[in-house]
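As the structure is a computational prediction, the values presented were derived from the model and not from experiment. Within every chain, numbering begins at 1; the chains are lettered A, B, ... in the order of the sequence lines, protein sequences first and strands thereafter.
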Amino acid sequence: MSVRVRYAPSPTGLQHIGGVRSALFNYFFARANRGAFVLRIEDTDQGRYSDEALQDLYDTFAWLGVRWDEGPDCGGPFAPYVQSARSAIYREHAMRLLAEGKAYECFCSEARLDRIRRIQTANKMAPGYDRHCRSLSAAEIAESRAEGIKPVIRFKVPLEGGTTMHDVLLGDIERKNEDINPDPVLLKSDGFPTYHLANVVDDHLMEISHILRAQEWVPSAPLHVLLYESFGWTPPIYCHLPMVMGSDGQKLSKRHGSTSVREFRDAGYLPEAVINYVSLLGWSYDDTREFFSTSDLERLFTLDRLNKAPAVFDYKKLDWFNGHYIRMKSDEELAELVVPVLKRDGVLAENPQASELALVREAMPLIKERMRVLNDASGLLRFLFAEPAEYPAEELVPKKLDAKGARAALGEAAGLLEGLASRSEEEAERLFRGKADEMGVKLGDLLMPVRVAVTGSRVSPPLFGSIRLLGIEKTRSRIERAMSLLSK
RNA sequence: GUCUCCUUCGUCUAGCGGUUAGGACACCGGGUUUUCAUCCCGGCAACACGGGUUCAACUCCCGUAGGAGAUACCA
């Protein structure tokens with residue numbers, strides 16, 4: 001059987017990391033099995049729909065480098081791939097169930113629905129529709145119609161018996177029909193389908209073979225099976241993925257930290273790190289391997305390596321992956337990624353000069369091992385493009401020295417500056433080490449005042465390299481500024 | 001409340017009847033080092049509990065507890 005899978009997001013918000021992981025698993029599964037990956041937009045909730053959300057969806061996957069084989073933007077044999085453009089199809093199918101007596105019109109007002117829900121919860125009963133309209137007489141229906149009430153169409157869930165849903169991961173899941181959502185709405189009064197109808201109809205029509213989606217959908221799966229049966233269709237193969245949780249074990253949400261791929265992107269995470277990390281949430285390859293490129297995953301992904309238990313999203317481990325992938329970049333690649341960040345943070349102007357860009361490129365070896373996210377570059381490199389901000393004079397004084405000693409160190413360092421640019425790292429170090437010995441201080445103590453003078457911080461990229469990039473003149477003036485600060 | 005699912009170090013996980021229960025992140029030490037980082041070495045740390053089945057259970061079965069998800073004219 002040929003594999004056809006889909007990602008079917010609802011454009012109501014930014015692409016959530018959990019949803020994206022589901023999309024990725026579908027995509028990898030399709031690739032690994034030479035199948036098709038379909039994108040379908042489930043925009044049936046007009047109230048929550050947003051254009052920005054749709055744009056974010058496209059931006060996110062473009063950034064991740066993931067393409068679908070069929071979708072709204074590229075078409076395909078089962079177009080359209082946007083549910084709002086398929087209304088007639090859903091209506092037709094709802095009408096069919098209505099005609100066959102498998103669904104019915106419901107005229108209940110929202111007020112009445114609210115009321116029964118309140119009563120039910122007050123009496124500690126399961127909230128749900130009371131099936132009031134399930135057995136309306138023809139006369140009653142005509143009367144409501146005459147009043148101009150727009151009905152919804154509800155599905156007749158069997159009152160007895162049970163339904164079994166098979167899941168590749170979870171096995172057979174049985175449910176008594178009486179425990180299934182009592183007669184869910186299929187077609188809303190605005191004429192749009194609900195998720196249940198549209199999803200089932202489209203998955204069947206688009207010949208979806210496997211449904212890989214998060215476990216939060218398990219409870220509605222038996223209902224979907226019932227729907228397939230009502231239409232006389234065979235359900236696809238289900239595989240409910242473990243969910244992604246926050247550190248407290250609850251569904252990952254805003255209060256745990258970033259949740260959208262966009263936020264991670266803006267924070268300076270690399271797509272390969274996000275993909276790699278997220279793929280290891282609920283899936284593993286073996287007992288040791290943890291680095292996977294997209295193309296590795298496109299080859300290696302299998303359902304039988306999936307885990308059942310929910311996974312907690314660990315921001316620290318993502319950081320680690322990101323640092324790893326940053327270090328894997330060539331200096332050229334990294335510079336290209338860092339320049340936009342530098343511009344955004346005002347370290348570089350909007351239209352930097354070629355010399356400035358060259359400087360950024362030259363600085364990459366100095367900061368590559370020091371970045372966890374691309375955004376770290378701004379803090380690390382700002383000193384190259386602007387005078388250090390005000391810092392307290394005490395910063396210049398190492399623990400082992402006093403102000404006088406620090407001042408002396410700066411003076412000696414200034415004297416060694418000439419010709420530093422042409423010296424190798426080793427020569428420069430030998431030179432300064434010799435001076436430190438002469439002064440009877442440790443190299444670190446000689447260098448620390450200079451480091452602060454030059455970069456404005458005790459934490460910085462390697463000093464000699466930094467000085468070389470900054471230039472002797474600027475270095476000298478910063479050292480002088482520091483010395484005068486100390487003499488105040 | 002009801003239904004369903006889940007349960008190995010703090011976290012992600014390996015394990016598929018017999019292992020000193022392995023790896024990674026985090027954390028804590030140590031080394032390299034010019035600060036920070038990188039890198040290297042070492043350490044800490046887990047089979048939720050109780051019954052079975054079996055010569056033998058982390059592994060199989062049944063309970064219990066805990067956790068999560070779902071209970072919409074949202075998906």
Side-chain angles (χ1 to χ4, degrees), chain A residues 8-12 19 42-45 47-48 106 108 110 113 117 120-121 123-129 150-154 165 167 169-171 173-176 178-182 184-190 192-196 198-199 214-222 240 242-243 245 247-251 277 280-290 305 307-321 323 327 367-372 376 380 398 428-429 432-433 436 442-448 450-452 455 457-464:
Chain A
S10 175
T12 56
E42 307 216 329
D43 58 345
T44 56
D45 185 341
R48 293 200 306 155
C106 168
C108 290
E110 224 155 313
L113 262 19
R117 217 180 334 258
Q120 283 163 333
T121 41
N123 294 336
K124 304 206 179 225
M125 289 166 62
Y129 183 53
K150 280 235 196 307
V152 301
I153 293 181
R154 286 183 184 273
M165 187 257 312
D167 184 283
L169 232 202
L170 271 17
I173 294 175
E174 296 185 33
R175 249 175 125 186
K176 287 188 282 218
E178 60 180 285
D179 290 329
I180 291 177
N181 182 354
V185 171
L186 257 25
L187 209 61
K188 308 181 218 176
S189 53
D190 63 4
F192 278 83
T194 58
Y195 168 78
H196 302 299
N199 192 264
Q215 278 177 12
E216 56 186 324
W217 294 108
V218 168
S220 59
H240 287 90
M243 308 221 310
M245 315 302 243
S247 48
D248 58 358
Q250 312 228 322
K251 230 167 140 175
Y277 174 62
L280 260 13
L281 250 27
W283 183 84
S284 63
Y285 179 68
D286 61 17
D287 54 342
T288 49
R289 182 169 173 186
E290 53 197 344
R305 299 296 308 181
N307 212 94
K308 294 188 205 180
V312 172
F313 193 94
D314 183 352
Y315 291 88
K316 286 234 176 92
K317 189 147 190 180
L318 207 213
D319 281 350
W320 176 74
F321 270 110
R327 274 168 252 132
I367 66 168
K368 192 183 279 183
E369 290 168 351
R370 273 156 263 263
M371 283 193 279
R372 274 166 30 263
D376 289 337
L380 254 11
E429 182 172 336
F432 276 78
R433 199 176 285 283
K442 296 185 74 172
L443 180 60
D445 289 330
L446 167 60
L447 259 25
M448 184 54 79
V450 184
R451 181 186 308 284
V452 174
T455 69
S457 168
R458 294 187 154 218
V459 175
S460 83
L463 228 209
F464 302 135

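Comparing B:A14, B:C5, B:U38 by their closest approach to the side chain of A:Arg305 singles out B:A14. In the set B:U11, B:U34, B:A26, B:A26 carries the atom at the smallest distance from any side-chain atom of A:Lys316.
Between the side chain of A:Arg433 and the base of B:U34, no donor-acceptor pair under 3.5 Å is found.
When side chains are defined from C-beta on, A:Pro242 does not count as touching A:Lys308, because their heavy atoms never get closer than 4.5 Å. Between A:Phe321 and A:Lys317 there is a side-chain heavy-atom pair separated by less than 4.5 Å. You'll find the side chain of A:Arg305 stays beyond 4.5 Å of the side chain of A:Tyr285, heavy atoms only. Annotation: side chain of A:Asp314 is in contact with side chain of A:Tyr277 (closest heavy-atom distance under 4.5 Å).
Using N1 to N3 plus N6-O4 or O6-N4 for Watson-Crick, or N1-O2 and O6-N3 for G-U wobble, each under 3.5 Å, B:A14 pairs with nothing. Across all strands shown, B:G42 forms a Watson-Crick or G-U wobble pair, both distances under 3.5 Å, with B:C28. Base pairing of B:U33 is not made with any nucleotide, judged by Watson-Crick or G-U wobble geometry with both donor-acceptor distances under 3.5 Å. Within the shown strands, nothing qualifies as a pairing partner of B:A56 under the Watson-Crick or G-U definition with both distances less than 3.5 Å. Nucleotide B:C49 forms a Watson-Crick or G-U wobble pair with B:G63, both donor-acceptor distances falling under 3.5 Å. The pairing partner recorded for B:U20 is none, the criterion being a Watson-Crick or G-U wobble arrangement whose two distances lie under 3.5 angstrom. Nucleotide B:U2 is matched to B:A70 when pairs are restricted to Watson-Crick or G-U wobble geometry with both distances under 3.5 angstrom.
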Which atom pairs link the protein and nucleotides 16-23 of chain B when you take only N or O atoms and keep those under 3.5 Å?
| residue | atom | partner | partner atom | Å |
| --- | --- | --- | --- | --- |
| B:G22 | N2 | A:Asp287 | O | 3.0 |

Produce the list of close N/O pairs, under 3.5 Å, pairing protein atoms with atoms of nucleotides 40-49 of chain B; give distances to one decimal.
none

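Both A:Leu280 and A:Ala309 lie close to RNA chain B; mapped to their nearest nucleotides by heavy-atom distance, the more 5′-ward contact belongs to A:Ala309. Two residues, A:Gly282 and A:Asp248, neighbour RNA chain B, and the one matched to the more 5' nucleotide by heavy-atom proximity is A:Gly282.
Taking atom CE of residue A:Met125 and atom P of nucleotide B:G1, one finds them 16 Å apart after rounding to whole Å. Rounded to whole angstrom, the span from the CZ atom of A:Arg372 across to the C1' atom of B:C25 amounts to 13 Å. Atoms CG (A:Leu446) and C1' (B:U35) sit 13 Å apart, rounded to a whole Å. Remark: C1' of B:A68 and CZ of A:Phe313 are 19 Å apart, rounded to the nearest angstrom. A:Met165 has its CE atom 17 Å from the P atom of B:C3, to the nearest Å. At whole-Å resolution of the value, OH in A:Tyr285 and P in B:G15 are 12 Å apart. The separation between A:Lys308 atom NZ and B:C5 atom P is 10 Å, rounded to whole Å. The distance between atom OH of A:Tyr277 and atom C1' of B:U13, rounded to the nearest whole Å, is 11 Å.
OP1 and OP2 of B:U8 both lie 4.0 Å or more from every side-chain N or O belonging to A:Asn307.
Counting any heavy atom pair closer than 4.0 Å across all strands shown, A:Leu463 reaches a base atom. In this structure, A:Ser284 reaches the sugar-phosphate backbone alone: every heavy-atom distance under 4.0 Å involves primed, P, OP1 or OP2 atoms, never a base. Here A:Pro461 lies in heavy-atom contact (under 4.0 Å) with a base.
If you take CD1 on A:Ile180 and CD on A:Glu178, they are separated by 10.0 Å, rounding to the nearest 0.5 Å.
A:Lys188 NZ: more than 12 foreign heavy atoms inside a 6.0 Å radius.
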* Asked: Does the pair A:Glu42 and A:Asn199 meet the rule for a side-chain contact (heavy atoms from CB on, under 4.5 Å), with working shown?
  -> CA-CA 8 Å; A:Glu42 307 216 329; A:Asn199 192 264; 3.4 Å; yes
* Which letter, B, S or -, goes with each nucleotide of nucleotides 69-75 of chain B from 5' to 3', with contact meaning a protein heavy atom under 4.0 Å? -> SSSSBBB
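For the residue pair A:His240 and A:Ala221, the shortest heavy atom distance occurs at CE1-CB, 3.9 Å. In terms of heavy atoms, A:Asn307 sits closest to A:Leu169 at O-CD1, 3.7 Å.
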